[in-house]
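Order of the sequence lines sets the chain letters (A, B, ...), proteins ahead of strands, with each chain counted from 1. All of these numbers come straight from a predicted model, not from anything done at the bench.
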2 protein chains.
Amino acid sequence: MTASRVTIKDVAARAGVSKGAVSLAFNHKPGLSEATRERIFRAARELGWAPNLTARSLAGARVDVVGLAICRPARMLGLEPFYMEFVSGVESVLTEHSCSLLLRLVRNLQQEAGLLESWWKGRQIGGSILVDFQADDPRVAVAERLGLPVVAVGHPSLTGGLTSVWTDDATAVTEAVRYLAALGHRRIARVGGAAALGHTAIRTAAFDEAARALAPAGAWQVATDFSGEAGARATRSLLSAAAPDRPTAIVYDNDIMAVAGLSVAAEMGLKVPDDVSLLAWDDSQLCRLTHPTLSAMSHDVHGFGADVARTLFGVITGEGPGSHPVPTPVLTPRGSTAPPSR
Amino acid sequence: MTASRVTIKDVAARAGVSKGAVSLAFNHKPGLSEATRERIFRAARELGWAPNLTARSLAGARVDVVGLAICRPARMLGLEPFYMEFVSGVESVLTEHSCSLLLRLVRNLQQEAGLLESWWKGRQIGGSILVDFQADDPRVAVAERLGLPVVAVGHPSLTGGLTSVWTDDATAVTEAVRYLAALGHRRIARVGGAAALGHTAIRTAAFDEAARALAPAGAWQVATDFSGEAGARATRSLLSAAAPDRPTAIVYDNDIMAVAGLSVAAEMGLKVPDDVSLLAWDDSQLCRLTHPTLSAMSHDVHGFGADVARTLFGVITGEGPGSHPVPTPVLTPRGSTAPPSR
DNA sequence: GATTGGGACTTTACCGGTTGAGAAAGCGCT
DNA sequence: AGCGCTTTCTCAACCGGTAAAGTCCCAATC
């Protein structure tokens, strides 16, 4: 059916011009009369021609694909609302630039570093977004060595000299603890994310510091893998301690674990927020769907993704605004937090 | 830093052979001695060379990228566990073939059809996965006209002559209704997904049919946009009817809406499952995190994605197993369903 | 000893664009 | 008329690979 592929040559022939002229027209470059330009576009339309992006990028023009490799176990991603929302924010900006996203799940950072190298050398991408930084992240060196345009999603202390966009997690954690302390809580726990992640470390340190001052009667931290199951397990273990060693408030590192925590509390016969207060993180739609609704540190993840994508375009064109933080998550009180009973 | 890009020519020079020889070596084609092959690989390694995939695909070799365009409002995707899990299943197979996924969110099917055309003509993809079919879907014609290798995720009645992989939604819906009827429910409602979607229509029809026979005292269906808010609204409206007009069991089209329904019931002072039974769909981790846990029609979404990807490779290489259904979702009873209290 | 066959490479012609160096034509100016 | 300048296009050389056809050389066969 498909009459063998139509190329720039066919269009040129039909419009009665050379290949070069067609190229000029389609890249909106000067040097063609309005009439010719019009004739070329008409011919292209009639033949249903669209420039072959592969050939175009081989010939040196920019590549309109940006890469995103995510390094978390596949099964966990399914439920983590963060990523899809982040990706959809990224997409919203890419679409404006007729750009697509090349997505790949990888097993570890070494694999990701290798992937970036082959994507870049293979001219598959024009730039990339890097997420989930760890201490001494190998990707920093790779990106710099390759000269690959990237935006690093993470605190500058983790991302070396790369252009980065980050949330001020330390301040947010401190605010969360301060809020719970203000409600009267003196025994506060935190169910954190994967210990290897840089931002987890930052939050952990900030919690330590804040809790030392504000939760004199006890502070606990548990590391998890971000899954609901892990959140449930952590919550169960925290809440099963005898009363004086039991926290009256728990902060979670994402929404899923908070939801899991909520149901563990119910299962243990504890009332939320009377017996224990729970505070979620990210504030996806999920927080408004539970009963009681979940208080959360809320965060415009979609906007975050969009900001990152915009910054990446800045880096690619060489005139970006550079590194900057996005707004710090703000506390959104709902039904799952209250002063401790008595 | 990056010494100006290293190409196949540099490798050839270093190994003391021609470009052609390097190409043969890297594609594992016969016609080279072991010694030369080894020398070439060593040279490539020393120079840190990786073949330029763009050039390779221009030259006619196959493209190692598959496309996936999703046509749902960005904000909704964030929370829908289905997609991320589906994507992660697809990825798991693509990775084995060193293949990447080109992802794009589109606003409507016309846009998607156009995108597929330019991806294909631009040699950006070697094939594509099509999801969310609607009646008279324009993508069927486009894929056929272009000769684009695709796998359609949807019932053959919707996907025309395309190779398709589908779940038997009609049977699953019927099983759900039958289960609730067996528990003793006679007034059953269904909170369905987007009406425009083909599989929603199939489920709606199947529910109609099953309910006519098994829920003589009343059957209701509501269409939503799959969001938690819509699920909550629908549930509130169903449950606020006076007792004889109120369903004693509700089936949802995804997990999020079921979670929302659960909290609406709680907020209205209704006990689940005593006053109303709820049945979720897809069975993501979420169903095990609520209290009570959600009974669900459970579905290996990850495996579904993997199966689709495998089928696509079959289509691309021209020797696939062709269209086939994946296992029908099976009922997983948990805490949210029980016989109605008299 | 000439012929055949085939392994190991090299040559060369693309793939479908982009790009910079001209070339032809039109125009104003001296 | 001759000269320089634009404007509008054409030409040909890439970009970095692949693949078919061609070259060489040497062992096996008649």
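- For A:Asp136, there are no side-chain contact (heavy atoms from CB on, under 4.5 Å) partners two or more places apart in sequence or in a different chain.
- At whole-Å resolution of the value, CG in A:Leu47 and P in C:dG16 are 14 Å apart.
- For A:Asn27, a side-chain nitrogen or oxygen approaches OP1 or OP2 of C:dT18 to under 4.0 Å.
- Residues meeting the salt bridge (charged side-chain N to carboxylate O under 4.0 Å, His left out) test with B:Arg139, sequence neighbours left out: B:Glu112, B:Asp137.
- With sequence neighbours left out, the salt bridge (charged side-chain N to carboxylate O under 4.0 Å, His left out) criterion links A:Arg310 to no other residue.
- The separation between A:Phe26 atom CZ and C:dG17 atom P is 10 Å, rounded to whole Å.
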Please list, for nucleotides 9-12 of chain D, all pairs of protein and nucleotide N/O atoms separated by less than 3.5 Å.
from, atom 1, to, atom 2, distance (Å)
D:dC9, OP1, A:Thr36, OG1, 2.7
D:dC9, OP2, A:Ser33, N, 2.7
D:dC9, OP2, A:Ser33, OG, 3.0
D:dC9, OP2, A:Thr36, OG1, 2.8
D:dT10, OP2, A:Ser18, N, 2.9
D:dT10, OP2, A:Ser18, OG, 2.8

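- Residues forming a side-chain contact (heavy atoms from CB on, under 4.5 Å) with A:Ser33 (at least two apart in sequence, or on another chain): A:Ala35, A:Thr36.
- With hydrogens and angles left out, the side-chain atoms of B:His324 and B:Asp307 include a donor and acceptor closer than 3.5 Å.
- In this structure A:Glu46 satisfies the salt bridge (charged side-chain N to carboxylate O under 4.0 Å, His left out) test together with A:Arg14, sequence neighbours excluded.
- Taking atom CG of residue A:Leu53 and atom P of nucleotide C:dC15, one finds them 18 Å apart after rounding to whole Å.
- Taking atom CZ of A:Arg123 as the reference point, atom C1' of D:dG16 lies 9 Å away to the nearest angstrom.
- Between A:Arg56 atom CZ and C:dC15 atom P the separation is 19 Å, expressed in whole Å.
- Here A:Lys29 lies in heavy-atom contact (under 4.0 Å) with sugar-phosphate atoms only.
- Closest heavy-atom contact between B:Pro30 and B:Leu24: O-CD1, 4.4 Å.
- The nearest whole Å value for the distance from the CG atom in A:Asn52 to the P atom in C:dG17 is 5 Å.
- Taking atom NZ of residue A:Lys9 and atom C1' of nucleotide C:dC15, one finds them 10 Å apart after rounding to whole Å.
- Looking at heavy-atom distances under 4.0 Å, A:Ser23 makes contact with a base.
- Straight-line distance from the CD1 atom of B:Ile8 to the C1' atom of C:dT11: 14 Å, rounded to whole Å.
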